[in-house]
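Read through the structure below, which is laid out as structure tokens, and then see the notes.
The analysis underlying the following values was restricted to heavy atoms, covering all of them including side chains, and did not include hydrogens, waters or symmetry mates.
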Amino acid sequence: LATGSVRHNLGLLSRFFGWAIESGHAQINPVRMVPMGRRPQRQIRRDVPWLADDGAVVALIKALPEPINLMLYLGNRSGLRTGEICGLRMGDMDHLRDGAIRVRYSYDGPLKEDKRQTGKVKWVPAADDAEAHLGVWLKRRRLQGAGLEDLVFPAPSSRRPRTLPWTGYRREHIDLCWDTARDKVNKDARETGAKQPPIPEAMTWYEATRHSFVSRTLKAGASLDEVSAAVGHSSPVVTKENYDHFVRKTFSRTLTAGLSKDKTK
């Protein structure tokens with residue numbers, strides 16, 4: 001198994017023994033007995049490709065079918081996970097003018113950060129042009145009779161899971177649409193004589209959306225804690241572990257002041 005899988009399984013085993021101790025089936029957690037230095041370490045992902053060209057984002061929006069193109073926009077500009085985009089309700093979009101989007105669901109369940117399933121809510125930034133991009137779609141949904149707790153992006157009946165009550169889009173369909181649009185944009189670029197495709201051939205939907213949002217904002221100089229809060233990481237430490245190569249390395253004059261000439265005489 002890869003180091004990441006071993007680390008995940010060890011955490012799962014620790015959670016199991018935590019339950020066993022609370023239930024009276026065990027007295028110790030063997031995972032706690034493994035020294036920290038001997039446990040598998042997190043593998044830091046570096047230099048993962050991301051969409052640095054806004055022109056490529058625009059081309060993808062044009063190539064994707066509606067509303068998958070709007071979902072790409074939200075992921076790329078607001079850093080939302082796929083499940084969070086799919087789980088948006090109409091009432092969550094009422095604060096676009098204030099520059100924020102409320103996020104309460106991942107598909108039809110709790111957020112990834114809501115470990116105890118207590119109904120945790122988070123807020124993510126909405127781009128300045130979010131209302132311009134999403135306004136027509138939201139107005140259409142209201143005319144269709146969508147209420148505050150209805151999905152922003154309901155899937156056609158042919159795209160819904162057959163055995164689940166979920167009425168939104170599935171990740172598999174979104175990934176399929178993404179692959180088709182990415183290949184089309186790159187093909188069009190080659191036909192126009194572009195030396196290099198605007199989108200890496202193996203780039204995934206996640207890399208084009210949430211990963212690109214974090215990479216772009218950190219490279220532009222946004223503070224680590226602000227970006228961490230925007231994407232819902234448990235702490236800035238998690239953000240730094242995965243995006244250390246984008247963390248700002250320039251400092252103000254207050255921090256870089258040298259010795260005063262008067263004091264060195």
Problem set entry | Leu74 vs Phe153 side-chain heavy atoms within contact, under 4.5 Å | yes

Problem set entry | Evaluation steps, salt bridge (charged side-chain N to carboxylate O under 4.0 Å, His left out), between Arg89 and Asp108 | CA-CA 10 Å; Arg89 270 53 171 183; Asp108 206 25; 2.8 Å; yes

Problem set entry | Cationic N near anionic O, under 4.0 Å, Arg216 to Glu207 | no

Problem set entry | Mutual orientation of the aromatic rings belonging to Trp19 and His25 [parallel < 30°, tilted 30-60°, perpendicular > 60°] | tilted

Problem set entry | Residue pair Ser106, Thr82: steps toward the side chain to side chain contact (heavy atoms under 4.5 Å, CB included) verdict | CA-CA 8 Å; Ser106 178; Thr82 305; over 6 Å; no

For this session: Measure from the side-chain N and O atoms of Asp150 to the backbone N and O of Gly147, and report whether any donor-acceptor pair falls under 3.5 Å.
Result: yes

Problem set entry | Other residues, nucleotides, ligands: >12 heavy atoms within 6.0 Å of Arg171 CZ | no

For this session: With Arg190 as reference, evaluate Asn186, Asp188, Thr192 under the side-chain contact (heavy atoms from CB on, under 4.5 Å) test and give the passing residue.
Result: Asn186

For this session: Could you check if a side-chain atom of Cys86 sits within less than 4.5 angstrom of a side-chain atom of Met71, using non-hydrogen atoms only?
Result: yes

Exercise. Parallel under 30°, tilted from 30 to 60°, perpendicular over 60°: which one fits the rings of Tyr169 and His173?
Worked result: parallel

For this session: Could you give me the CA-CA distance, side-chain angles and deciding distance for Arg141 and Met93, then say whether side chain to side chain contact (heavy atoms under 4.5 Å, CB included) is met?
Result: CA-CA 12 Å; Arg141 290 287 295 129; Met93 312 300 287; over 6 Å; no

Problem set entry | Side chain Asn76, main chain Ala208, donor-acceptor under 3.5 Å | yes

Exercise. Do the side chain of Arg77 and the main chain of Ala126 share a donor and acceptor less than 3.5 angstrom apart?
Worked result: no

Problem set entry | N/O donor-acceptor pair under 3.5 Å between Gln196 side chain and Ala194 backbone | no

Problem set entry | Residue pair Arg182, Asp179: steps toward the salt bridge (charged side-chain N to carboxylate O under 4.0 Å, His left out) verdict | CA-CA 5 Å; Arg182 178 198 59 208; Asp179 289 340; 3.4 Å; yes

For this session: For the pair Trp50 (side chain) and Arg210 (backbone), establish whether a donor and an acceptor sit closer than 3.5 Å, ignoring hydrogens and angles.
Result: no

For this session: May I ask you to decide if Ala222's main-chain N or O and Thr217's side chain share a donor-acceptor pair within less than 3.5 Å?
Result: no

Exercise. Counting distance only, does the side-chain N/O of Asp114 pair as donor-acceptor with the main-chain N or O of Lys120 below 3.5 Å?
Worked result: yes

Exercise. Are any of the side-chain heavy atoms of Trp123 and Ile101 separated by less than 4.5 Å?
Worked result: no

Exercise. Between CG of Leu88 and CG of Leu70, what distance do you get to the nearest 0.5 Å?
Worked result: 11.5 Å

For this session: Determine whether Thr167 and Leu151 make a side-chain contact, defined as any pair of heavy atoms from C-beta on separated by less than 4.5 Å.
Result: yes

Exercise. Are the side chain of Asp92 and the backbone N or O of Val103 linked by a donor-acceptor pair below 3.5 Å?
Worked result: no

Exercise. Do side-chain atoms of Trp178 reach the backbone of Ile68 as a donor and acceptor pair under 3.5 angstrom?
Worked result: no

Exercise. Can you check whether Ser228 reaches Val238 side chain to side chain, under 4.5 Å on heavy atoms?
Worked result: no

Exercise. With a 4.5 Å heavy-atom cut-off, do Leu176 and Glu172 have their side chains touching?
Worked result: no

Exercise. Do the side chain of Ser78 and the main chain of Gly75 share a donor and acceptor less than 3.5 angstrom apart?
Worked result: no

